Amino acid sequence: MNTDILSINENSLDRAAAIIERGGLVAFPTETVYGLGADALKSEAVKLIYAVKGRPSDNPLIAHVHKDYDISQLVENIPEYAKLLAKAFLPGPLTMVYNSRGVVCSEVSCGLNTLAIRVPSHEGAQRFLKRVNLPIAAPSANISKHVSPVTARHVYDDLCGKIELILDGGRCTGGIESTVLDCTGDVPCVLRSGLVTRDMIAQVAGECDVYMMKEGERVRSPGMKYKHYAPGCQTALYSFDRRLDALDEYRRRRAAGQRACIMCDCRTAADMEDAEILDLGSDERQIACNLYDKLREGEKLFDVIIAVAPEKQDGVMVGVMNRLTKACG
Ligand code: TXA
Ligand code: MG
């Protein structure tokens, strides 16, 4: 199969809509990462997502809708706090989990009685979702367990020959996947951290829990139990306090003839003397935005990426650390 990368315009949107209508897959940009979309009402189309990605069949998908879509068609028991959160943060990188009405096919939620809904803010995503006017089931558009894609080229590198069309909306500005928030209880509960932080949610909703898996418990967000975001080279991860140990490891690896690099923020880079650096930038938004791009750049150029965690660990860095630990830990 030929895989086309097309910028978003009326022609490419017509083509995308035709593919979705006949049960095919279209990769599209969002403000976080690229998604691999299918009609959430068509079982066979959704099954194709799992097959193409090699995704475990018990890891549920998010249904994406445009900003004027009435989600009460799909879900019920929307609590008051969720309405406030939707007003404050949508469209944007916040995915909200509700009780499902069972309208989308069961493969989307893997048989759970809940449904995760996301309204992306990316203009290209909105145009695509408006054009099809359907809930679009979409995971990140990478091969399962690989680093999520933040450019059309990244999608192509993983899915070339497996899908027909990648809508190109430029480089994603968010860089890590949306915050996933359980809105089925009395208090919202973060299942996956992201750019909309717990504090931001608590400010609007009054309170906000963060899900911690207890031993023996069934996971509430099945995706969290899998290894994820792994680049195709060796990795190591050091805390900020151990950054000089990272430099030692870098030197040992280099002395052994390996192509090694250090991935860190620009402040830490100043301590790394003449080491080869993958620079994540300075503030937390930049670091989130650069993380996957640098992991994908690094896996092509190096045998080993030695990552040093930034000193700051709160806010958006909670989500960044979660991804960094899974990728390099
Ligand atoms: O930013 C994003 O969320 C991107 C873009 C494409 O929108 N999508 C994305 O999808 O990251 P994916 O499939 O890679 O991650 C979906 C996450 C998983 O951790 C999954 O377990 C969780 O959402 N999830 C989906 N449905 C759920 C449900 N009904 N209950 C709890 N967690 C759910
Ligand atoms: Mg993913």
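Keep in mind that what you see is a predicted model, and the values were worked out from it rather than measured. Read the numbers this way: they start at 1 and go in the same order the structure lists the ligands and their atoms. FYI, the numbering just counts along the sequence from 1.
- Neither the backbone nor the side chain of K53 comes within contact range of ligand 1; no heavy atom lies under 4.0 Å.
- Residue nearest to atom 2 (C) of ligand 1, selected from S178, A116, A137: S178 (by heavy-atom distance).
- Residue-ligand proximity: P120 is placed with every non-hydrogen atom at 4.0 Å or more from ligand 1.
- Residue pairs meeting the side-chain hydrogen bond (donor to acceptor under 3.5 Å, both in side chains) criterion with at least one partner in residues 82-95, sequence neighbours excluded, are E80-K83, T95-S178.
- When each of V65, I20, V104 is tested with L134 by the rule side chain to side chain contact (heavy atoms under 4.5 Å, CB included), just one qualifies, namely I20.
- The contact set between ligand 1 and R118, taken as ligand atoms under 4.0 Å from a residue heavy atom, comprises 1 (O), 2 (C), 3 (O), 5 (C), 7 (O).
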- request: For the pair D241 and S239, evaluate side chain to side chain donor-acceptor pair (under 3.5 Å) and give the outcome as yes or no after the intermediate values.
  value: CA-CA 5 Å; D241 292 340; S239 63; 5.2 Å; no
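- Smallest separation of non-hydrogen atoms from S109 and T114: OG-O, 2.6 Å.
- Between the side chains of T32 and R118, at least one donor-acceptor pair of N or O atoms lies under 3.5 Å.
- With a 4.0 Å cut-off on non-hydrogen atoms, V97 touches ligand 1 through its side chain and not its backbone.
- Atoms of ligand 1 lying under 4.0 Å from any heavy atom of V180, numbered from 1 in the order shown and given with element: 23 (O).
- Taking the six-membered ring for Trp, Y292 and H154 have ring centres at least 6.0 Å apart.
- With respect to K42 and E21, no salt bridge is recorded, no charged nitrogen being found less than 4.0 Å from a carboxylate O.
- A donor-acceptor contact closer than 3.5 angstrom links the side chains of T268 and D265.
- Near G35, the atoms of ligand 1 lying under 4.0 angstrom from a non-hydrogen atom of the residue are 6 (C).
- Checked against a 3.5 angstrom limit, the closest N/O atoms of R55 and ligand 1 fall inside it.
- The aromatic rings of F28 and H64 sit perpendicular to each other, their planes meeting at more than 60°, with 30° as the lower class boundary.
- Nearest residue to atom 28 (C) of ligand 1 from T114, L195, V119, N99 is T114 (criterion: closest heavy atom).
- A side-chain donor-acceptor contact under 3.5 Å links S140 and N142.
- For N59, every heavy-atom contact with ligand 1 shorter than 4.0 Å involves the side chain, none the backbone.
- Ordered by chain and number, S140 OG make up the set of protein N, O or S atoms under 2.8 Å of the Mg ion (ligand 2).
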